[in-house]
Amino acid sequence: MLITQLKPTDEILSLAEGKTVTVSCAGCSEIFFPAAEVEELINCLLVSKTVLATVSTDYLCSGENLESWAQSNINKIDAADTLLVFSCGVGVQVIAERFPDKRVFAVCDTYPLPGCQGVTPLEFGCALCGECHLNDTGGICPISSCAKGLVNGPCGGSKNGKCEVCSDIDCGWALIFRQLEKTQPSDIQTQQVKIRDFALQGEDLV
C-alpha cells in the first residue's frame, strides 16, 4: 500500500518540455491518489504548456492493461517528446521501459503504508522513499536497481556492466547511463549530489 503526493508545482511545470502527454494512473486511489490536485495541475499544464493529450488508466502495473492502453493511445504518445506520469514509482518505471525513446518523468513522490503495492508481481521495484529520483535517472530507480541503493552514481566495483554484489545482475547505474544517453544526454554531465532523507520512509508518516 502507498501514498502518492505531487511534487512542487514549479518543478512539474519545468518538466513539461516540448510536446507533452500526461499519463495518470488511478489504480490505487482506494489507498491515496491526489486525484483532485492532479486534475487541477493538468488543467494548468493545458493552459501554460504544450500538452498534446491527457490520458489515464487503472493500474499501470498490470502488464495486459498497460499494453491495451498503450495501443489505444499510441498515436498520441508517438507524437510526444515527454511523458509526465502521475502514479507511484512503479508506474513510472513501467512507462519508461515501454517507451524507452521518450523522456519519462515522475510528478509524484511515493510514501509507504503497511501492506502490498500494486496488483502484479512485476520486476520493477519502488522503495517508497518519499523523494522520487526517477527524473534524474531515466526512469530507472537507482535505489531498487542498485544493490547498494546509491543515488549519485555507481560504486567502483561494477565490472563489464555487472553488479559487484551479484555478478549475475546488471549494474543499475550502467542501465541508467545507457538510458540517459538516449533520452537525456545533457543530464549525465549536470548531475548534482543528492543526500537521501531517510526520515521520509519513517513510520511517523502513517
Side-chain angles (χ1 to χ4, degrees), residues 2-18 20 23 25 60-61 80-112 117-118 121-202 205:
L2 50 86
I3 297 172
T4 50
Q5 177 176 298
L6 286 174
K7 290 179 176 291
T9 300
D10 289 346
E11 179 180 344
I12 296 172
L13 292 175
S14 71
L15 297 173
E17 298 179 358
T20 301
V23 180
C25 175
L60 286 173
C61 55
D81 304 308
T82 300
L83 304 178
L84 296 185
V85 185
F86 294 80
S87 79
C88 72
V90 170
V92 180
Q93 292 176 74
V94 168
I95 291 293
E97 182 178 80
R98 178 61 180 79
F99 302 103
D101 296 327
K102 304 295 181 182
R103 291 159 46 88
V104 177
F105 292 125
V107 294
C108 297
D109 290 316
T110 309
Y111 297 84
Q117 177 183 2
L122 298 179
E123 65 271 24
F124 300 98
C126 176
L128 311 177
C129 67
E131 48 177 352
C132 191
H133 296 275
L134 292 171
N135 295 345
D136 300 315
T137 56
I140 299 172
C141 179
I143 299 172
S144 60
S145 67
C146 170
K148 300 179 182 180
L150 303 178
V151 298
N152 290 304
C155 69
S158 60
K159 184 177 181 180
N160 298 324
K162 295 297 183 180
C163 176
E164 176 185 39
V165 176
C166 179
S167 60
D168 292 332
I169 64 174
D170 292 326
C171 166
W173 274 96
L175 298 175
I176 289 168
F177 283 137
R178 285 198 290 270
Q179 179 61 20
L180 289 177
E181 285 175 345
K182 291 193 298 183
T183 59
Q184 298 162 246
S186 62
D187 288 354
I188 297 176
Q189 301 298 326
T190 58
Q191 288 279 7
Q192 297 181 349
V193 173
K194 303 172 186 64
I195 300 174
R196 286 181 64 185
D197 185 354
F198 289 94
L200 293 173
Q201 295 177 283
L205 289 170

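Just so we're clear, the structure is a prediction, and the values are computed from it rather than from any experiment.
Remark: side-chain polar atoms of Thr82 are not paired, donor with acceptor, to backbone N or O of Gly18 under 3.5 angstrom. For the pair Ser158 (side chain) and Gly156 (backbone), a donor-acceptor distance under 3.5 Å is absent. At least one donor-acceptor pair under 3.5 Å links the side chain of Gln179 to the backbone N or O of Pro100.
Residue Val92 comes nearest to Ala106 through the heavy atom pair CG2-CB, 3.7 Å, listed as atom of the first residue, atom of the second, then distance. Among all heavy-atom pairs drawn from Val90 and Cys126, the shortest one is CG2-CB, 3.7 Å. Nearest heavy atoms, Ile140 versus Ser145: CG2-OG, 3.7 Å. Residues Leu180 and Gly138 share a closest heavy-atom pair of CD2-N, 3.5 Å. Closest approach of Pro142 to Trp173, counting heavy atoms only: CB-CZ2, 3.9 Å.
Remark: Lys102 NZ to Ile95 CD1 distance equals 12.0 Å, nearest 0.5 Å. One distance of note links OG1 of Thr183 with CZ of Phe99; it measures 14.5 Å at 0.5 Å rounding.
Annotation: side-chain hydrogen bond (donor to acceptor under 3.5 Å, both in side chains) contacts of Asp81 (sequence neighbours excluded): none.
By the 4.5 Å heavy-atom criterion applied to side chains, Leu134 and Cys141 are counted as neighbours. Taking 4.5 Å as the limit, some side-chain heavy atom of Gln93 sits within range of a side-chain heavy atom of Ser144. No side-chain heavy atom of Val23 sits less than 4.5 Å from a side-chain heavy atom of Ser87. Counting only heavy atoms from C-beta outward, the side chains of Leu84 and Thr20 approach each other to under 4.5 Å.
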Contacts under 3.5 angstrom, residues 5-13 side chains, donor-acceptor by atom type, not counting sequence neighbours:
from : atom 1 : to     : atom 2 : distance (Å)
Lys7 : NZ     : Asp109 : OD1    : 2.7
Lys7 : NZ     : Cys132 : O      : 3.3

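By the 6.0 Å contact criterion, NZ on Lys159 is open, its count of non-hydrogen atoms from other residues, nucleotides or ligands being 12 or less.
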